[in-house]
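Below is one structure, written out as structure tokens; the observations come after it.
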Amino acid sequence: MARDIPAYNAEAIETKWQQVWDRESTFQARDDSDRPKKYVLEMFPYPSGDLHMGHARNYSIGDAMARQARMRGFEVLHPMGFDAFGLPAENAAIKHNTQAGAWTYKNMDTAIATMKRMGFSYDYDRLVRTCDPEYYKWGQWAFLKMWERGLAYRATSPVNWCPSCNTVLANEQVVDGRCWRCGEVPEKRELSQWYLKITDYAQELLDDLDQLTGWPENVKAQQRNWIGRSEGAEIDFALAAEDGVTPTDRLITVFTTRADTLFGVSFFLLPPESPLAAELVAGTEYEAAYLELKKSVEQVSSVDRQGSGREKHGVFTGRYVINPLTGVPAPIWVADYILLDYGTGAVMGVPSGDQRDFDFARKYDLPIPPIIAQKDDPLYEELKDERELRVTNVDWDHAMDAEGYLIQSGEFTGMKGGKHSEAVDAIIAHLSERGIGRKKVQFRLRDWLISRQRYWGNPIPMIHCDCCGDVPVPYEDLPVRLPDDLDLGAGQTLAEYAPFYETTCPKCGKPARRITDTMDTFTCSSWYYLRYCDPHNDEAPFSREAADHWMTVDNYIGGIEHAILHLLYSRFWTKVMRDLGMVDFDEPFTNLLCQGMVKDANGDTMSKSKGNVVPPSSVIGPYGADTMRLAILFIAPTEKDFNWDEEVVAGANRFIKRAWRTVWGLAETASKDETLDVAALNTEGKELFRRMNEMGIKCTADFDRGQFNTAISAVMELVNDASGYLNKVASADRDPALTYAVARSIVAMLSPICPHWGEELFHEALGLEGSVYDEPWPEFDEEAAKASTIEVAVQVKGKIRARIQVAADAPQAEVEGAAKEAVARFIEGKDIKKVIYVPGKLVNIVAV
RNA sequence: GCCCGAGUGGCGGAAUUGGCAGACGCGGAGGUCUCAAAAACCUUUGAGGAAACUCGUGUGGGUUCGAGUCCCACCUCGGGCACCA
């Protein structure tokens, strides 16, 4: 009985199913389910207006995973929320003279509407907004726990101050010398700020990267770079008295990875900001030059100061240190290429072993004593047995090779030198014995500066009392609420808003002042994935039971821009929670997928200022959400960037409509109640059945790998075959069980990607009840996917000369016989050395 | 300078363990239907060649019966770190 195939009306069916899912709470994650759990998570957005294409891609990937996992029998936790604190809200409020909260909540509503319009299967009952007091209370709680453990502290040091954002920044937020948010070049300011002691976890954050086998290599590499572990030694140099030769009791310690070059020290270096340098030159003839250098460094921006190509500047201090091994004095210089906050803030200058020191020595005419050489170097021949420093200068144009053999190096002469060499070990051992040096591991990672001089953030729950110092807010007083009636339009800040900062000291009861800094928004996003496990808990940030049940995140999906920032902070936060006994795992995210960027048709990043933004609504409108999701997942592998291409969307729409017609066409004869008897099928039916299994297996495997573009192409192939079957086989000759099975498979396999399309066909074309997402993923049979006749390629010495059809179960001898026959003219009169047979694939005849 | 990736048709891309390179889609060409167009459907589409066949996965070598895939050297592009001692 022929039915008219209804037209595919995306808007109508999408609206219909979105309402059904909402009403039925189809995607609620049940804590008490018997099914195995799966936690699929996309990085939550900052609500700065409506969602853009990057979000659409991110969430389409996650949603396809979550929906497919549900069909594969998992109880899926797939939550969503908002990283709602942050500067853009505050700036918008200042500009429009309103409240940051109002702006933020409005944007979140807009974003939620778009998420629903895209058909994302979130459990909206678990929505987390970081600006809700119910949430940020527990961020304050965590801060206090860290304070108790000495992991949160206040310190005064030079920090990056962004003059446009009017706040300090973390090291991680200075990208290429500029503010990550606004691009302004930050100034260095000496300020009292709040830190989290992420450096306590540096080694573990590095080591545990090896556990993360489900993370992309480049993200792990970036984190390793950022943590920046160096093995080396600290070595104590004695400051010389003013005569320049007599050692004093005062020690200045350096950090070096090249203890083997200690005999080559010809000067000693301090950074311009060094208090010691200022002290040494105070009141001397060298002071004026020193102050001038210091001033010039302060005027150079962080952008200009970085880079190894920059010309170096330095001044002599008039003082010396004594080399602890040789007893030789080395002049102390101040140089602008030395960093105050790495190592000990003092460096030994070895011009023959380090290019930077070499450049410096050349410029200021300091000696370059050679202490390491290759065996084929004439210098090696000359000095290989020389223990004393006889040659004190050389005429090179470049520092020496990093590795070689020590010369003129006392008892260590002749040893192999270089990073991690025997000479390094020997010299460190020697220094340790004498108590003037020790092994030392140095990290590039600095503590996380979390205080921000901004309003729209989570208040630091501390009170400053003139008598008692910094006093924590008692737990029972949490949360410290952010007031919502500041006059932001007039530029009022928390520090100027007495109702907020006026308080009494919890310890002594005297009037005291609240800390008016708020926490970096990255503190809020460092644990939101834990809150989703137990979002309504008002006794604790989350229960141990809930965390044990849902964590870890099985699939975490987001942009590569968080490779260091968010992902490093979250790893740190998790380890702190573990040490507090809140969780029992070391790493929060088991598998990480970093999706590529969506660029415009020319390959440029989309941005409002360039005016090349393609809003998701412009695609949903004409084509529907399902088409958009399909196009986004099909156009490229998830981790690659792609350029927006309207033709791909049109193609996806063409396919979705063709698949729609094909399923309806199959449904015409389909019956879910008949049993499929493969043997009874006609030739076309048998082949379609085989292809269904073949493509089903391929599609399933591709879903498991998160490779959606090829999963879709497998469905396309099956749709092509099914449509060919409908063309060739008259409806009376179609098998009802087969057409049902094929239609059901197509619907199931496309449902994670085109969910409304899937539900509609599941109900209307196939006449089934319930949700397609409560139905199991179809089973496919490996045996049934095998063809009875297969094509085998026949090679002669590796070159394809023929293709033959053989029965799938034909014995090897038969296949080889047929192969030889097929390529007879290529092997005629030749000697067959060997025949290689790869079953089902090829025969290679080696004939000479 | 150090550390990660990646180079395949006109384009996006596929090839799961060393086994038929170019699946699937876009674009192109031809056709059916139509007064015409759109839509849809069918055929075709790596290059050269009439064909046999030859060439072909950044370049040059190597291993192998057989290499996009493994090894060596190099080139180009993208990304991270970087005056970090």
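Treat the numbers as computed from the prediction; the structure is a model and nothing was measured. Values reported hereafter were calculated over all heavy atoms of this structure, with side chains retained and with hydrogens, waters and symmetry mates removed. Chain identifiers are assigned alphabetically (A, B, ...) following the order of the sequence lines, protein sequences preceding nucleic acid strands; residue numbering begins at 1 within each chain.
- Side chain of A/R654, nearest nucleotide from B/A15, B/C26, B/C81: B/C26.
- Taking atom CZ on A/F642 and atom P on B/A6, their separation rounds to 20 Å, with Å as the unit.
- Ranking B/G25, B/G19, B/A82 by closeness to the A/R658 side chain, first place goes to B/G25.
- Listed nucleotides B/A23, B/A82, B/G19 differ in distance to A/R444; the shortest reach to its side chain belongs to B/A82.
- Going from the P atom of B/A6 to that of B/C71 covers 13 Å, rounded to whole Å.
- Here B/A85 presents its P atom at 18 Å from CG of A/D336, a figure rounded to the nearest Å.
- Among the atoms of the strands shown, none is found under 4.0 Å from any heavy atom of A/P216.
- Straight-line distance from the CG atom of A/N844 to the C1' atom of B/G66: 6 Å, rounded to whole Å.
- Residues A/D207 and A/Q203 have side chains that bring a donor and an acceptor to within less than 3.5 angstrom of each other.
- Environment of NZ in A/K363: crowded, with over 12 heavy atoms of neighbouring residues, nucleotides or ligands closer than 6.0 Å.
- Comparing the same atom, C1', in B/C65 and in B/C74 gives a spacing of 29 Å after rounding to whole Å.
- The distance between atom CG of A/D354 and atom C1' of B/G1, rounded to the nearest whole Å, is 11 Å.
- With distances taken from any side-chain atom of A/I800 to the nucleotides B/A85, B/A15, B/A21, the minimum falls on B/A21.
- If you measure from atom NZ of A/K640 to atom C1' of B/G13, you get 8 Å, rounded to the nearest angstrom.
- With distances taken from any side-chain atom of A/R801 to the nucleotides B/U16, B/U54, B/G19, the minimum falls on B/U54.
- Using a 4.0 Å heavy-atom distance criterion, A/R224 is classed as making no nucleic acid contact.
- Shown here, B/A47 forms a base pair with B/U54; the pair counts as Watson-Crick or G-U wobble because both key distances fall under 3.5 Å.
- Side-chain contact, A/W226 with A/E172: a donor N or O sits under 3.5 Å from an acceptor N or O.
- The partner of B/G5 is B/C77, judged by Watson-Crick or G-U wobble contacts that both fall below 3.5 Å.
- Only the P atoms considered, B/A52 is 36 Å distant from B/A40, to the nearest whole Å.
- Within the 4.0 angstrom heavy-atom criterion, no nucleotide atom of any strand lies near A/E639.
- Not one side-chain nitrogen or oxygen of A/Y337 sits closer than 4.0 Å to the OP1 or OP2 atom of B/A85.
- Residue A/T256 has its side chain nearest to B/A85 when only B/A85, B/G12, B/U16 are considered.
- Here the separation of B/U54 from B/G10, taken at their C1' atoms, is 23 Å to the nearest Å.
- Using a 4.0 Å heavy-atom criterion, one finds that A/S723 contacts no nucleic acid atom at all.
- The minimum heavy-atom distance between A/D641 and A/R57, with the atom names listed, is CA-NH1, 4.2 Å.
- Nearest-nucleotide positions on RNA chain B place A/V648 closer to the 5' end than the other of A/G343 and A/V648.
- Among the heavy atoms of the strands lying under 4.0 Å from A/I635 are primed sugar atoms or P, OP1, OP2 only; no base atom is included.
- Side chains of A/Y725 and A/N720: a donor-acceptor N/O pair is absent below 3.5 angstrom, by distance only.
- If you check B/C26 for Watson-Crick or wobble pairing at under 3.5 angstrom, you find it paired to B/G10.
- Among the nucleotides B/A85, B/C81, B/C20, the one closest to any side-chain atom of A/A793 is B/C20.
- Looking at heavy-atom distances under 4.0 Å, A/N643 makes no contact with the nucleic acid at all.
- B/A39: no Watson-Crick or G-U partner with both key distances under 3.5 Å is found in any strand.
- Taking atom P in both B/G9 and B/G48, the straight-line distance is 15 Å, to the nearest Å.
- For the pair A/E647 and A/F826, nearest-nucleotide mapping onto RNA chain B gives the more 5' position to A/E647.
- Among the atoms of the strands shown, only primed sugar atoms or phosphate atoms (P, OP1, OP2) are found under 4.0 Å from some heavy atom of A/R825.
- Rounded to whole Å, atom C1' of B/C4 lies 12 Å from atom CD1 of A/I564.
- Candidate nucleotides B/C81, B/G25, B/U16 were compared by shortest atom distance to the side chain of A/N720, and B/G25 ranks first.
- Regarding contacts with the backbone of B/G25, every side-chain N or O of A/N709 stays at 4.0 angstrom or more from both OP1 and OP2.
- When all heavy atoms are compared, the tightest approach of A/D447 to A/N171 is O-ND2, 4.4 Å.
- Of the candidate nucleotides B/A85, B/G19, B/G80, B/G80 has the atom lying nearest to any side-chain atom of A/N225.
- Whole-Å rounding puts the A/D359 CG to B/A85 P distance at 16 Å.
- Here the separation of B/U57 from B/A14, taken at their C1' atoms, is 12 Å to the nearest Å.
- When both distances must be under 3.5 Å, the Watson-Crick or G-U wobble mate of B/U17 does not exist.
- Backbone-only engagement by A/K799 is indicated by non-hydrogen atom pairs under 4.0 Å involving sugar-phosphate atoms exclusively.
- Residue A/Q211 places its CD atom among more than 12 non-hydrogen atoms of other residues, nucleotides or ligands, all under 6.0 Å distant.
- Close to B/C65, at under 4.0 Å from its OP1 or OP2, lies no side-chain N or O of A/K797.
- Across B/A14, B/G25, B/C81, the shortest atom-to-atom separation from the side chain of A/F634 is found for B/G25.
- Taking atom NZ on A/K419 and atom C1' on B/C2, their separation rounds to 9 Å, with Å as the unit.
- Glycosidic conformation of B/G61 is anti; the angle lies outside 90° of 0.
- Within a 6.0 Å radius of NZ in A/K820, more than 12 heavy atoms belonging to other residues, nucleotides or ligands are found.
- The gap from the P atom of B/C24 to that of B/C41 amounts to 15 Å, rounded to the nearest Å.
- Atom CG of A/L445 and atom OG1 of A/T199 lie 6.5 Å apart (nearest 0.5 Å).
- The residue A/Q355 sits apart from the nucleic acid: no heavy atom pair falls under 4.0 Å.
- Look at A/Q707 and you'll find a side-chain N or O under 4.0 angstrom from OP1 or OP2 of B/A15.
- Taking only distance into account, the side chain of A/K312 meets the base of B/C83 through a donor-acceptor pair shorter than 3.5 Å.
- Taking the P atoms as reference points, B/G31 lies 13 Å from B/A38, given to the whole Å.
- Within a 6.0 Å sphere centred on CD of A/E828, heavy atoms belonging to other residues, nucleotides or ligands number 12 at most.
- Counting distance only, with no hydrogens placed and no angle test, the side-chain atoms of A/N218 and the base atoms of B/C4 include no donor-acceptor pair under 3.5 Å.
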